[in-house]
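The block underneath contains the structure these notes are about, expressed in structure tokens.
Every chain is numbered from 1, with letters handed out A, B, ... down the list of sequences.
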Number of protein chains: 2
Amino acid sequence: MATTSVRRRQPASLELLGEGVLDMGGLDDKLGFRLRFAERRIFREIGDSFQAYGVSPLLYSILTLLSVNPGCRQAELGAALGVHQPNLVEKIDTLVSRGLALRTPDPDDRRANTLRLTDAGVEFLAELDRIDDEVIGRIIERVGQEDYATLIELLRKLA
Amino acid sequence: MATTSVRRRQPASLELLGEGVLDMGGLDDKLGFRLRFAERRIFREIGDSFQAYGVSPLLYSILTLLSVNPGCRQAELGAALGVHQPNLVEKIDTLVSRGLALRTPDPDDRRANTLRLTDAGVEFLAELDRIDDEVIGRIIERVGQEDYATLIELLRKLA
DNA sequence: TATTGTTATACTCTATAACTATA
DNA sequence: TATAGTTATAGAGTATAACAATA
């Protein structure tokens, strides 16, 4: 056990190290730590690709669900994504103000809104899907098709 | 303690649904989505258990590294954890103000501080470790020892 | 010049209480 | 009473620029 600190210089780009600087004390074998690192890595890859379009991973997932569930309500969207309603309002506002989605009062229940993509939204999502496919393709290339599928299966089992 | 009827005025715990409400349009087969769900689930389990101690998963990881690397610098800690230095300052402040860690000027380099746990910090971490073991034990029980190990291995490969 | 720690700032995601207008 | 959406607010975690002291 190290009684004095290991003198390592280099601050260096955070994303490249993570480990190798200090004794990780078993931390790097823990599920929480590995999940955090993996999520950051993947979200950075996807997020960087989406950044030019002003879209976060969450916004992309909202667009995806709206495209498959036209006319759904905000409450349903929030439940499906695991996002609290108050946090969804601003996201929908963004999509509406950018002309990508419509928020229409539900005639059957005047408390509710129904959501759907505009034509511009459909087109926009198609472009994002193309980019997402590229990114995922690179990831699969890196870890292999089989491990990729196993990983998704295990993550599903976990949560 | 929850035997009395708990009045649920709120959206009925988002964490239990996630899917099953809408057509997920393949979103639930995507790595980013699954990582987000899994990380939230695990961090909630760990975070809930730590909440009574006023400790977040990140703070726990800091305590762990300090215990194994006494005398390390803030820059080293940040690099090992993938946390930018400005974001680390407040965390260290917290630990110091709670009497769990010491921030001592490095006599060899007067720009730097060296960090180490106090006796109270060591004791505190031991208690947190005990709780963490319990939580991880439950998770392993849920997914099985083999899948748990595979998952960590694949996450490491991914990031 | 470069690095350590720091301040300030901002953005994303998440969380809860409380309001409104309906139901 | 309960629900759908909203407002306001708060807390994590993460990101960059810039500064003082030191190397």
Side-chain angles (χ1 to χ4, degrees), chain A residues 5 7-15 18 32-33 35-37 39-41 43-44 46-48 50-51 54-62 72-79 81-94 96 103-115, chain B residues 7-15 32-33 35-37 39-41 43-44 46-48 50-51 54-62 72-79 81-94 96 103-115:
Chain A
S5 71
R7 290 277 172 257
R8 292 265 186 174
R9 305 302 159 194
Q10 301 349 320
S13 155
L14 283 182
E15 321 315 325
F33 185 84
L35 276 173
R36 170 170 166 265
F37 258 60
E39 201 204 16
R40 283 193 7 177
R41 166 75 186 258
F43 270 52
R44 178 180 309 277
I46 298 176
D48 282 356
F50 282 170
Q51 195 166 14
V55 174
S56 66
L58 178 56
L59 209 60
Y60 174 58
S61 70
I62 292 175
C72 73
R73 295 178 178 188
Q74 296 185 200
E76 295 171 326
L77 187 60
L81 289 174
V83 174
H84 290 274
Q85 287 199 43
N87 300 322
L88 218 51
V89 174
E90 191 196 28
K91 300 297 175 191
I92 308 293
D93 285 348
T94 298
V96 170
R103 176 154 44 187
T104 316
D106 186 334
D108 297 338
D109 184 342
R110 286 175 8 221
R111 295 171 302 182
N113 296 325
T114 62
L115 304 171
Chain B
R7 297 180 54 213
R8 292 267 178 211
R9 29 193 159 207
Q10 284 295 336
S13 177
L14 286 180
E15 321 315 327
F33 184 83
L35 276 173
R36 170 172 167 265
F37 258 60
E39 200 206 16
R40 282 189 13 172
R41 166 75 186 257
F43 269 52
R44 177 178 310 278
I46 298 177
D48 281 356
F50 283 169
Q51 195 165 14
V55 173
S56 67
L58 178 56
L59 210 59
Y60 174 57
S61 70
I62 292 175
C72 73
R73 296 178 176 186
Q74 297 185 199
E76 294 171 327
L77 186 60
L81 289 174
V83 175
H84 291 274
Q85 288 200 41
N87 300 323
L88 219 50
V89 174
E90 191 195 29
K91 300 296 176 192
I92 308 293
D93 284 348
T94 299
V96 170
R103 177 155 43 189
T104 315
D106 186 335
D108 297 338
D109 183 343
R110 283 168 21 213
R111 295 171 302 181
N113 296 325
T114 62
L115 304 171

Listed nucleotide nearest any side-chain atom of [X], set [options]:
X         : options                  : answer
Ala75(A)  : dT6(C), dA4(D), dT4(C)   : dA4(D)
Ala112(B) : dT4(C), dT14(D), dT6(D)  : dT4(C)
Asp109(B) : dA23(D), dG13(D), dT6(D) : dA23(D)
Arg111(B) : dG13(D), dT3(C), dT7(D)  : dT3(C)
Pro86(B)  : dT22(C), dT7(C), dG5(C)  : dT7(C)

By nearest nucleotide on DNA chain D, pick out whichever of Lys91(B) and Pro107(B) is the more 5' one.
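In this pair, the answer is Lys91(B).
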Less than 4.0 angstrom between a side-chain N/O of [X] and OP1 or OP2 of [N], yes or no?
X         : N       : result
Arg103(A) : dT6(D)  : yes
Arg40(A)  : dT14(D) : yes
His84(A)  : dT14(C) : no
Gln74(B)  : dT6(C)  : yes

Identify whether any heavy atom of Leu88(B) sits under 4.0 Å from a base atom; if not, whether one sits that close to sugar-phosphate; answer base, sugar-phosphate or nothing.
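Nothing: the residue Leu88(B), judged by heavy atoms under 4.0 Å, touches no strand.
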What does Asp106(A) touch in the nucleic acid at a heavy-atom separation under 4.0 angstrom: a base, only the sugar-phosphate, or nothing?
nothing
List in chain and number order the residues that pass salt bridge (charged side-chain N to carboxylate O under 4.0 Å, His left out) with Asp109(A), two or more places apart in sequence or in another chain; answer none if no residue qualifies.
Arg73(A), Arg111(A)
Side-chain (Thr114(B)) to main-chain (Asp106(B)) donor-acceptor, under 3.5 angstrom:
no
Can you give me the closest heavy-atom contact between Phe50(A) and Ser56(A), atom names plus distance?
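Looks like CD1-O, 4.4 Å.
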Polar side-chain contact Asn87(A)-dA15(C) base: donor and acceptor under 3.5 Å
yes
